Amino acid sequence: MKTTSIIGKLISHREWLLGGLIILMLVGVGSAAPFFVGTANLAEVFDDTAILIMLACAQMLVILTRCIDLSVASNLAFTGMCVALFNVAYPETSALVTVVMSIGIGLMLGAFNGLLVWLVGIPSIVVTLGTMSAYRGFVFLLSDGEWVNAHEMTPQFLALPRAAFLDVTVLSWIAIALTLVMFVFTRFTKTGLSIFAVGGNPKAAVYSGLDVGKHQFITFCISGAVAGLCGYLWVSRYAVAYVEVALAFELQVVAACVIGGISIAGGIGSIWGAVLGAIFLGLIKNALPVIGISPFWQLAISGLVIVLAVIVNSRSEKRGGRRILREAHQ
Amino acid sequence: MDRPVLELRNISKTFPGVKALDGVELQLYPGQVTALIGENGAGKSTLVKVLTGIYTPDGGDILINDEPVRMQAATDAKRHGISAIHQEAVMFDELSVTQNIFINNQNRNRFGLLDWPLMRRRARTLLEYLDVNIDPDLPLRELSVAHKHLVSFASALSINSNIVIMDEPTASLSHHEIQELYRLVRRLRDEGKAILFISHKFDEIFEICDRYTVFRDGQFVGAGEINDVTQDDLVAMMVGRTVKQIYPKIEAEIGEPVMTVEGLCHPTEFADIDFELRRGEILGFYGLVGAGRSEVMQALFGLTPTSAGSIILNDKPFNPRTPGDAVDQGLVYVPEDRQHQGAILSLPIFQNITLPQLGGLSRSGFIDMAREFDVARQYATRLQLKAASLSENVENLSGGNQQKVVIGKWLATNPNVIIVDEPTKGIDIGSKAAVHKFMGELVAQGLSVIMVSSELPEVMGMSDRIIVMHEGRIAARFDRDEMTAEAIVTAATGA
């Protein structure tokens, strides 16, 4: 049996390492600005990060299958514009219908990506780079470049994400619920396990009777549906819909996954990693201004952390080669 | 005699340019271990893939208990009670032992979710049955090769199959582990399972198999009871053909040594490699797939670092750290995988040929395209390359012509040692002959060639001397006048 040192174990459980880093950051910022670590403020930071958390969880599934979905932010903007315009046209529609509609629209856009990857066999980075522009373009076509402002939206449309339950916003509760659902999905369903398998070793997956392309398709559908839901939540939380909503946000989503230890090479990662990666980025964004660091540093710091995360991951993922010689000790 | 539980009739499978299986047949009987024997490329692995639903045969029938069945995906094989332990570890390093065992065969609890506690218990029971002490929660990557193999056994057994295929199951096991494996195979046999046992090792075939089936070049050669044959009979069936085919062996003047390799070692891939290569010689390297031949060649070319040993090339110590060093000192390597390691398919022929010597063809950092074309034209003529124009992309050429481009690319650097790894793999007969003829011309011009080949007729037809490797070591050496197919195969299989 191998004995593993505590440090080694910590590094092998990247989630713990990242969790420790987050606590360290909270302690550091808290000692400089105690109000930052108050419950109310932390709840606010979480609320601000909720959408990133959800998108990162969905993106994680895509990355696990050795794909990437760069179209999530454009999908979010398009779906957000759709439901905002719908709300203007049919103000009496209930918020629940809006939620279902946003999930449906997002799902369709995601499924389109997935079909191109699965049946046409185009690399996902190319497919989603294309649909990233296309979906963003649709927002313009749909809105003629006009904004949909707060006063045009109905109170019910705007109220849902902000409503609070136990001092925590519904938006945050949705993120928590989605995280739990994703956890159960990845750990306790056949499809969830298969997603790890097809990304970890596609060849072995075929030998085990798992369809690689189909599982990639499924992850694109999930990523699209979550992006659609976030489209509504984003537009109603910020009370405005326009072409540039969440512009370049996909990069933060992918960054959250990478920081959370999800391997771009596929097959390695956990929901907790994605969630912690997103929270880490959310904390940097909210904490730096508090301790008087310019927002430009924020970009530099998150960039450095991403590079560091990739280095740490690539070291721990080194795999041994084929061994031809008989081992001496056997 | 019982009825066979599985019967293949007239199964064929063709890949572009290769007839991998040509009307083969096979019968498996319950409670019997059947050995499937054949050289590299005889079609054994293709047959396993047909039986497990990875490949769909072009023609022929698969009968299970006299019923014809169709097999189109791995799940079909499982449904028909066929499970396989594959030669390569086709498993998931990042998943746990339990997850690997039940990857496509899970138990669910009453909520419809995966029941990990139950599967963990079942995994423990299966591993106990296999007499092995592995924690079912460990990630697979932390296990030794032998233990990984046993996990794939457990996975095969988790499906209650009555047909078990084992593709070279002892390849990565130690002596003790092999004995354990034999015990297990006997136990499965006594439980009435039909076992297909693929192996190169005659000692184990005679130890645990009841029947045999021999393939050669994708064709069925013979089958019967193992007690009715001797090892020599089986070897004769495996290689049974006239080797002196159409190999255009040009008698070249063999001169003084060009390269001397002594005690070359690698931590895990090969050890104690000694040989001498002489001017004007074709030195053949034969062995089973995975015997470590390519790894040695890659070390000579500076792709893999070595742990010990010395190389003298052209009377100078040679210690290549990168392929660039090797090329500078006159040694080049034409890799096995033409499409991935050899040619850049999307570039035109002339750029492929001049790629390794762009420095010499440039003036102040800019490439002199006229000279580039001159060099390319010169080698294309020498190689009798068949292409509409030198600006054509390599991907549009036939396999044989692609190989010529790759060889031409290295010749343009004026080497004196050229290593070719499986030079005619997957190319048509006509191009094969052209590549062979060309190798003869190279040595006639005073070059030295090392040819790694898994094709016995090719290696015997072309080589002046043959080195046979087995499990990372040199198993035997033969001069041209003492080569026999039987002796070479025996050395390669370690029998």
Side-chain angles (χ1 to χ4, degrees), chain A residues 1-4 8-9 12-14 64 66 181 183-215 261-263 265-270 313 316-330, chain B residues 49 52-54 73-79 84 86 88-95 99-100 102-106 108-109 111-116 133 135 138-142 144-146 152 155 172-177 265-271 290-292 295 304 469 471-473:
Chain A
M1 272 319 316
K2 240 190 267 185
T3 50
T4 325
K9 208 143 210 162
S12 72
H13 291 86
R14 272 152 279 169
L64 279 178
R66 301 194 173 181
V181 169
F183 173 71
V184 172
F185 175 69
T186 50
R187 290 290 291 277
F188 295 101
T189 69
K190 179 178 159 59
T191 309
L193 178 64
S194 304
I195 285 171
F196 282 87
V198 299
N201 188 346
K203 190 176 168 203
V206 174
Y207 277 78
S208 313
L210 303 173
D211 187 332
V212 177
K214 190 174 112 191
H215 285 92
I262 287 103
S263 166
I268 307 174
S270 78
N313 290 349
S316 61
E317 280 162 23
K318 276 234 168 74
R319 289 167 202 186
R322 206 155 53 111
R323 301 170 80 91
I324 293 172
L325 288 174
R326 293 277 170 93
E327 282 172 49
H329 64 265
Q330 280 182 346
Chain B
K49 288 182 176 150
T52 49
I54 311 285
T75 39
D76 293 331
K78 196 178 80 179
R79 208 178 56 241
H86 291 281
E88 311 150 68
V90 278
M91 307 193 72
F92 306 96
D93 269 346
E94 297 301 328
L95 300 183
Q99 286 173 325
N100 266 288
F102 296 101
I103 188 68
N104 201 11
N105 179 36
Q106 297 104 342
R108 288 160 199 256
N109 61 20
F111 305 111
L113 298 176
L114 302 184
D115 192 342
W116 288 118
N133 183 21
D135 177 0
L138 273 184
L140 195 74
R141 74 182 120 82
E142 295 192 7
S144 69
V145 178
S152 73
S155 181
S172 51
L173 303 185
S174 69
H175 179 73
H176 172 72
E177 290 160 339
C265 293
H266 182 279
T268 57
E269 310 301 334
F270 54 82
E295 285 74 9
T304 332
M469 283 187 69
E471 291 183 350
R473 292 168 195 275

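Here is how names work: the chains are called A, B, and so on, in the same order as the sequence lines, proteins then strands, and each is numbered from 1. In what follows, every heavy atom counts, from backbone to side chain, and hydrogens, waters and symmetry copies are set aside. What you see is a predicted model; the values in this text were computed from it and never measured.
How far NZ of A:Lys190 is from CD1 of B:Ile103: 7.5 Å, rounded to the nearest 0.5 Å. Rounding to the nearest 0.5 Å places CZ of B:Arg141 at 7.0 Å from CD1 of A:Ile268.
The shortest non-hydrogen separation linking B:Thr75 to A:Gly209 is CG2-O, 3.8 Å. The minimum heavy-atom distance between A:Arg187 and B:Leu114, with the atom names listed, is O-CD1, 4.3 Å. Across all non-hydrogen atoms, the minimal contact from A:Leu193 to B:Gln106 is CD2-NE2, 3.4 Å.
Interface remark: B:Thr52 contributes no atoms to any contact with chain A (heavy atom separation under 4.5 Å).
The closest donor-acceptor contact from the side chain of A:Asn201 to the backbone of B:Met91 lies under 3.5 Å.
With contacts defined as side-chain heavy-atom distances shorter than 4.5 Å, the pair B:Lys49/A:Tyr207 qualifies.
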